K.L.:
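This structure is in structure tokens; I'll ask about it shortly.
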Amino acid sequence: MFEIIKRDGMARMGRFEVHGKIVETPALLPVVNPKINTVPPRELYEKFGFKALITNSYIIKNSPELREKALESGLHSMLDYPGVIMTDSGTFQSHMYGEVELTNEEIVRFQKDIGTDIGTVLDIFTEPFWTKEQTAESIVTTLERTRQACDMKGDMLINGVIQGSVYQDLREDCARKMASMDIDVHPIGGVVPLMEQYRYSELVDVVMSSKRGINHSRPVHLFGAGHPMVLALAALMGCDLFDSAGYAKFARDDRMMFIDGTFRLADMKSLDCDCPACRGRKVEELRGMDKNRRTKTIAEHNLYQITRELALVRRYLQEGRLWELAEIRCRAHPALLDALRRLKEHQAQMELSDPISRDGAIFYTGPESRGRPVYLRYLERLGKRYVPPTDKAVLFPDCQGKPYGRAYAEDFDRARRSGYTPIVVSPFGPVPAELDEMYPLAQSLFPSIQDEETENESERLTYQFLSMAGFKTAIEPGQIPDGGSQEYDADMLRAKAVARYQFGNEAADALFRGEVAFVKSKKTGKIRNVISDGEHVLSMRAGDGMYTLRLEGAKRIASSVPAPHMRVVIADDAVPFVADGRNVFAQFVLSCDPELRPMEEAIVTGKDGNPVATGRMFLTPAEIPFMKKGIAVKVRTGAEE
Ligand code: GUN
Ligand code: ZN
């Protein structure tokens with residue numbers, strides 16, 4: 001059973017329970033060759049903290065000695081490893097050496113017999129150079145074998161490997177067919193050649209298309225991905241499990257893994273590494289070691305590179321900054337930069353899971369940053385939901401020091417008194433003054449020296465927006481007339497604009513009906529609460545300048561905006577609990593608005609449509625039907641409170 005604890009981008013931090021043992025994801029499984037004991041499994045578990053590993057059942061089965069031992073005492077005892085053991089099936093050997101003499105039934109049964117925790121189907125490795133016909137044909141066989149394995153698996157968990165070469169439609173289709181089978185993990189297979197050849201942009205297409213069809217309740221394993229340089233990007237795309245044979249293979253070859261590539265010990269001018277394996281050592285000392293000791297030392301170094309990067313991925317994920325880490329990593333190699341650029345083509349798909357707000361600031365570190373889903377979402381919502389207060393605009397350049405309203409306080413005021421709406425031309429595109437304190441606009445950092453591409457794009461987007469929103473004129477700050485005397489209510493403009501952006505225009509009308517008053521912070525002067533006709537309908541969060549929806553507000557929206565807008569409908573037996581303030585668990589959700597995003601305000605209702613509670617989405621609408629466990633909505637106000 002897999003439960004999502006925390007998310008960022010498409011990444012998930014999760015708990016994967018396997019036979020009573022917990023694997024915390026993202027996780028990497030070191031590959032153990034049962035014939036070569038480079039780093040003993042017990043050490044992998046105790047010294048390096050790897051709570052799961054992967055080994056190969058085909059190699060074990062083909063060695064009379066190992067087979068005997070594994071069948072007699074079981075795999076865990078044979079390897080002396082207390083953690084979760086995953087086994088592969090021989091597919092990779094057929095990719096490397098041609099046909100293997102083995103049936104799917106045999107190898108699945110063997111994996112069960114030796115007590116593996118997670119076994120693997122004998123899938124057919126789809127090579128990147130295969131034709132589409134050849135690929136499609138082989139997938140039919142892989143699917144048949146996967147079905148067979150599901151029937152046979154018993155207590156063993158099973159890997160159903162998604163294949164499809166570089167054909168995105170075949171990948172998606174294969175994933176979708178497996179989504180409805182009784183498998184436990186979704187490995188994405190056939191990608192090793194892409195990684196070996198640094199074809200990372202195609203890897204992005206393969207992962208993203210596979211993710212489109214996948215069953216989200218299962219961890220996704222990127223088969224053969226274990227180099228620290230790809231972990232942040234792969235995790236960002238929603239891969240939960242990884243494996244590395246490279247740490248040992250490279251070590252036997254005197255090659256050392258680093259965050260920006262793999263380097264030959266013979267070519268290295270200095271060691272410059274402070275991992276526990278290298279600390280205090282000079283490159284000459286490492287070169288001078290006897291072969292076995294050197295291999296072990298380099299393998300340990302490689303493992304430390306992996307564990308360190310994985311720890312960093314987990315920390316950035318928890319802090320809501322995984323995009324930042326992935327961007328840094330992708331700038332370390334041109335092929336990875338290609339991957340980052342390709343990811344922009346999947347911006348809309350990424351947007352479905354990207355949280356509406358997060359703790360971390362958004363760092364703009366180059367034109368590729370604009371490929372992030374947060375940029376797309378902002379422009380889409382602005383286009384659909386922004387209502388200009390006047391039809392004249394003043395265009396301000398982006399500036400350091402946010403929010404813009406503070407940096408440009410006097411100019412904004414002068415503009416507004418003359419009937420002009422201040423708009424900042426930012427790397428996000430146009431930012432109207434009313435929205436300047438809202439996430440992500442106030443929480444972003446841009447360089448003060450802009451690149452040409454971004455500058456041109458910001459301008460293009462702004463002029464497109466001005467014409468779509470119905471502005472008739474646009475002037476520069478130097479042209480603002482003096483002595484304007486128009487009255488305006490900046491709080492009201494902001495309060496309504498943010499409500500429209502967050503909840504849509506119809507909902508905002510319902511929330512701002514009748515007499516509206518604000519409770520403001522004595523310290524900062526910022527809006528705290530919105531009171532409409534005596535009812536406290538909204539509270540504004542200081543951190544991200546967005547609203548939390550109160551139950552009174554939810555009732556207004558429910559009675560005036562047709563379902564499913566913002567609604568999460570739950571089963572009758574869950575209603576009393578949720579009304580009492582308990583969270584909504586995925587298994588109790590009957591339906592929900594497909595437009596909701598993680599961290600977005602939601603209205604929880606019973607089947608009758610009456611609001612029971614408000615809260616923030618945690619899972620995506622696409623994930624909820626699949627999840628057997630976990631919180632779908634974090635509830636804030638129950639109706640009974
Ligand atoms: N190891 C690396 N790639 C693959 C794959 O596509 N299938 C299996 N079973 N194992 C792999
Ligand atoms: Zn080292």
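Counting starts at 1 for both ligands and their atoms, in listed order. The shown structure was predicted, so the numbers you read here are calculated from the model rather than taken from an experiment.
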K.L.:
In Å and rounded to the nearest 0.5 Å, what is the CG to CD distance from D338 to E368?
P.N.:
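It comes to 10.0 Å.
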
K.L.:
Look up atom CD in E137 and atom OG1 in T142, then write down how far apart they are to the nearest 0.5 Å.
P.N.:
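If I round to the nearest 0.5 Å, the distance is 12.0 Å.
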
K.L.:
Taking all non-hydrogen atoms of both residues, which atom of H76 and which atom of K21 are closest, and how far apart?
P.N.:
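Minimum heavy-atom contact is NE2-NZ, 3.6 Å.
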
K.L.:
When rounded to the nearest 0.5 angstrom, what distance separates CG in D240 from OG1 in T25?
P.N.:
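These two atoms lie 4.5 Å from each other.
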
K.L.:
Once you restrict to heavy atoms under 4.0 Å, what part of Q163 touches ligand 1? Side chain, backbone, both or neither.
P.N.:
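The answer is the side chain of Q163.
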
K.L.:
Decide yes or no on ring pair (Phe, Tyr, Trp, His ring centres under 6.0 Å) for H95 and F92, but give the supporting numbers first.
P.N.:
CA-CA 5 Å; H95 152 73; F92 196 68; 5.1 Å; yes

K.L.:
What protein heavy atom is closest to atom 2 (C) of ligand 1, reported as residue, atom name and distance in Å?
P.N.:
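Looking at atom 2 (C) of ligand 1, the protein heavy atom closest to it is F92 CD1, 3.4 Å.
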
K.L.:
Pull out every atom of ligand 1 sitting under 4.0 Å from any heavy atom of G189, numbered as shown with elements.
P.N.:
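Answer, ordered by atom number: 5 (C), 6 (O).
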
K.L.:
Does the Lys NZ or Arg CZ of K629 fall within the cation-pi geometry relative to F585 - under 6.0 Å from the ring centre and within 45° of the axis?
P.N.:
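Checked: cation-pi criterion not met.
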
K.L.:
Using the rule given for salt bridge (charged side-chain N to carboxylate O under 4.0 Å, His left out), can you reason through E106 versus K61, listing the C-alpha separation, both sets of side-chain angles and the distance that settles it, and then say yes or no?
P.N.:
CA-CA 10 Å; E106 270 178 283; K61 188 168 180 296; 3.3 Å; yes

K.L.:
Given V191, N159, D88, which has its nearest heavy atom closest to atom 8 (C) of ligand 1?
P.N.:
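Going through V191, N159, D88 one by one, D88 has the nearest heavy atom to atom 8 (C) of ligand 1.
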
K.L.:
Looking only at protein heavy atoms, identify the closest one to atom 3 (N) of ligand 1 and say how far it is in Å.
P.N.:
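Among all protein heavy atoms, the one nearest atom 3 (N) of ligand 1 is F125 CE1, 3.4 Å.
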
K.L.:
Any nitrogen or oxygen of G190, side chain or backbone, less than 3.5 Å from one on ligand 1?
P.N.:
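Yes; the residue has a nitrogen or oxygen that sits under 3.5 Å from a nitrogen or oxygen of the ligand.
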
K.L.:
With a cut-off of 4.0 Å, which atoms of ligand 1 are near a heavy atom of D123?
P.N.:
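Here the atoms of ligand 1 in question are 5 (C), 6 (O), 7 (N), 8 (C), 9 (N).
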
K.L.:
Below 4.0 angstrom from a heavy atom of T120, which ligand 1 atoms are there? Numbered from 1 as shown, please.
P.N.:
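That gives atoms 9 (N) of ligand 1.
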
K.L.:
Looking at F2, is R218 sitting on its ring face, NZ or CZ under 6.0 Å from the six-membered ring centre and within 45 degrees of the normal?
P.N.:
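So R218 doesn't make the cation-pi contact.
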
K.L.:
How about E351 and Q347: do any of their side-chain heavy atoms sit closer than 4.5 Å?
P.N.:
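When only atoms from C-beta onward are counted, Q347 and E351 do not touch, as no gap falls below 4.5 Å.
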
K.L.:
Please report how many protein N/O/S atoms lie under 2.8 Å from the Zn ion (ligand 2).
P.N.:
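For the Zn ion (ligand 2), the figure is 4.
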
K.L.:
I want to check something: taking the side chain as every heavy atom from C-beta on, are V32 and V39 in contact at a cut-off of under 4.5 Å?
P.N.:
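No - every pair of side-chain heavy atoms lies 4.5 Å or more apart.
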
